[in-house]
Protein chains: 2
Amino acid sequence: MQPKVKYSRQRLAILNELKSRCDHPTADVIYAEVRKTIPNISLGTVYRNLAFLAQNGDILKIPATMGSEHFDGNPVPHYHFKCNVCGSVSDVAIDLMPTLTEMAGKLVDGVVTGHTIMFEGKCGLCDSTCRK
Amino acid sequence: MQPKVKYSRQRLAILNELKSRCDHPTADVIYAEVRKTIPNISLGTVYRNLAFLAQNGDILKIPATMGSEHFDGNPVPHYHFKCNVCGSVSDVAIDLMPTLTEMAGKLVDGVVTGHTIMFEGKCGLCDSTCRK
DNA sequence: CCAATATTAGTTATCATTATCATTATATCA
DNA sequence: TGATATAATGATAATGATAACTAATATTGG
């Protein structure tokens, strides 16, 4: 039998923080934010819980194009856009989820269970703020 | 003016190794292989040259879903499939390259310059060899 | 062949993430 | 409600991939 889960203050704070925002922060952004209410929370605890919550289906771990991992409070798979300048990640409202996985399944030797799409470019903010 | 490029023995060996194989190895696989002909080549040299060659458009750097970066001797952008069991990466012959980027461009605030798709699942080899 | 300089080998540093472990908090049940 | 079993934490050390540094070497145009 699996170990009983205990919902600690810090686990709930991390989940809550992620659910309450619509961007897709990295572990240390979450860390900085949660620290405002639980000042002595450990960075390890943040990583541990983000991994746990993703495993548990409460949140989404967004495969990073480079650098660090990003997390999404919305656990339903969807596509993302990453700004190559500031590194921010946002949602893209296109849904080809079952279609593309199916298409690939017919072409690949093996079993295709899903896919991710990461769009890239320059976000609106970085595009307008083109100093230099 | 830009510095003149010198094509060293090790740079050519790395490029050649990547061009001659149809899988998509990581830096240390390349390192192990090139070491057979240039035994004292440095791992740093492999990383440096893979970055250089990708920048130069000779090869493709495949954004890793997790763990380490993979490289592709084919510099023309295309889609990939990653086995969650053995970690191998292979090609997927679907091409939605301009279409999807365009679609996203209409939905995102900013400029979308491209995208990557990573399919995931279990490759044919790992699927048949399903011991335990 | 020589000189100018790009590139290398070897090493150390960095960064994100995991593991370790003694201590603390949580949930269960008497 | 309060004792108890154990999951979770905080602090820190360890890991793994990649980048940076530097003196020595190899490459290329003249």
Side-chain angles (χ1 to χ4, degrees), chain A residues 1-18 24-56 58-72 82 87-89, chain B residues 1-18 24-56 58-72 82 87-89:
Chain A
M1 54 198 69
Q2 56 224 331
K4 306 164 231 190
V5 172
K6 293 180 184 176
Y7 273 82
S8 64
R9 206 157 66 87
Q10 18 290 77
R11 177 168 296 167
L12 291 171
I14 290 164
L15 179 58
N16 218 53
E17 174 62 28
L18 206 51
H24 306 80
T26 54
D28 48 284
V29 171
I30 296 281
Y31 176 57
E33 208 55 38
V34 174
R35 229 138 103 85
K36 290 178 184 170
T37 48
I38 309 177
N40 69 329
I41 193 172
S42 167
L43 181 56
T45 298
V46 174
Y47 274 107
R48 217 181 306 119
N49 278 299
L50 287 171
F52 173 92
L53 292 167
Q55 199 78 20
N56 212 43
D58 295 318
I59 64 171
L60 215 64
K61 180 187 272 194
I62 304 172
T65 301
M66 68 195 324
S68 29
E69 211 87 34
H70 289 252
F71 295 86
D72 191 333
K82 173 161 190 174
S88 68
V89 174
Chain B
M1 56 198 67
Q2 57 223 328
K4 307 164 230 187
V5 172
K6 290 181 184 175
Y7 273 83
S8 65
R9 207 157 64 87
Q10 19 289 80
R11 176 168 296 166
L12 289 171
I14 290 164
L15 179 57
N16 217 54
E17 175 61 28
L18 205 52
H24 306 81
T26 53
D28 47 283
V29 170
I30 297 280
Y31 176 57
E33 207 55 38
V34 174
R35 231 139 101 85
K36 290 178 184 169
T37 47
I38 310 178
N40 71 329
I41 193 172
S42 166
L43 181 55
T45 299
V46 174
Y47 274 105
R48 213 181 313 114
N49 278 300
L50 286 172
F52 173 91
L53 292 167
Q55 199 79 18
N56 213 43
D58 293 319
I59 66 172
L60 215 61
K61 178 186 276 194
I62 303 173
T65 302
M66 69 196 324
S68 27
E69 211 87 35
H70 289 251
F71 295 87
D72 191 331
K82 173 162 190 171
S88 68
V89 174

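Chain letters run A, B, ... following the sequence lines, proteins first and then strands; every chain starts at 1. For the numbers below, each heavy atom of this structure counts, side chains included, while hydrogens, waters and symmetry mates do not.
Where B:Ala27 and A:Arg11 meet DNA chain D, the nucleotide closest to each residue was compared, and A:Arg11 sits on the side nearer the 5' end.
Considering CZ of A:Arg9 and OG1 of A:Thr37, their distance stands at 7.5 Å, rounded to 0.5 Å.
Distance CG (A:Asn49) to P (C:dT17): 15 Å, rounded to an integer number of Å. Distance CD1 (A:Ile14) to C1' (D:dG10): 12 Å, rounded to an integer number of Å. Here the P atom of nucleotide D:dG16 and the CD atom of A:Glu69 are 18 Å apart, to the nearest Å. Between the CD1 atom of A:Ile38 and the C1' atom of C:dT26 there is a distance of 14 Å, given to the nearest Å. Taking atom NE2 on A:His70 and atom C1' on C:dA16, their separation rounds to 12 Å, with Å as the unit.
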Report each atom pair, protein N/O against N/O of nucleotides 26-30 of chain D, whose distance is under 3.5 angstrom.
residue: D:dT27; atom: O2; partner: B:Lys6; partner atom: NZ; Å: 3.0

Give each protein N/O atom lying under 3.5 Å from an N/O atom of nucleotides 10-13 of chain C, with the pair distance.
residue: C:dG10; atom: OP2; partner: B:Asn40; partner atom: O; Å: 3.3
residue: C:dG10; atom: N7; partner: B:Ser42; partner atom: OG; Å: 3.2

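A:Asp28 comes within contact range of no nucleotide atom at all, as no heavy-atom separation falls under 4.0 Å.
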| message | side-chain contact (heavy atoms from CB on, under 4.5 Å), that's the test. Do A:Ile14 and A:Leu18 meet it? Break it down for me. | response | CA-CA 6 Å; A:Ile14 290 164; A:Leu18 206 51; 5.7 Å; no
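Every pair passing salt bridge (charged side-chain N to carboxylate O under 4.0 Å, His left out) that includes a residue from residues 35-48 of chain A is listed here, sequence neighbours excluded: A:Glu33-A:Lys36. Applying the ring pair (Phe, Tyr, Trp, His ring centres under 6.0 Å) test to residues at least two apart or on different chains, none of the pairs has a partner in residues 30-52 of chain A.
The shortest distance between the side-chain N/O atoms of B:Tyr47 and the OP1/OP2 oxygens of D:dA19 is not below 4.0 Å.
B:Val34 is listed as a side-chain neighbour of B:Ile30, based on a closest heavy-atom distance under 4.5 Å.
The side-chain contact (heavy atoms from CB on, under 4.5 Å) search around A:Ala54 returns A:Ile59, A:Lys61, not counting sequence neighbours. Residues satisfying the side chain to side chain donor-acceptor pair (under 3.5 Å) criterion with B:Asp58, sequence neighbours excluded, are B:Asn56. In this structure, the side-chain contact (heavy atoms from CB on, under 4.5 Å) partners of B:Ser88, at least two apart in sequence or on a different chain, are B:Cys83, B:Cys86, B:Cys123. Remark: A:Val89 engages A:His24, A:Ile62, A:His70, A:His80, A:Lys82 in a side-chain contact (heavy atoms from CB on, under 4.5 Å) (not counting sequence neighbours). Residues forming a side-chain contact (heavy atoms from CB on, under 4.5 Å) with B:Ser8 (at least two apart in sequence, or on another chain): B:Gln10, B:Arg11.
The terminal axes of the helix from C:dC1-D:dG30 to C:dA30-D:dT1, fitted over 5 pairs per end, subtend an angle of 40° to the nearest 10°.
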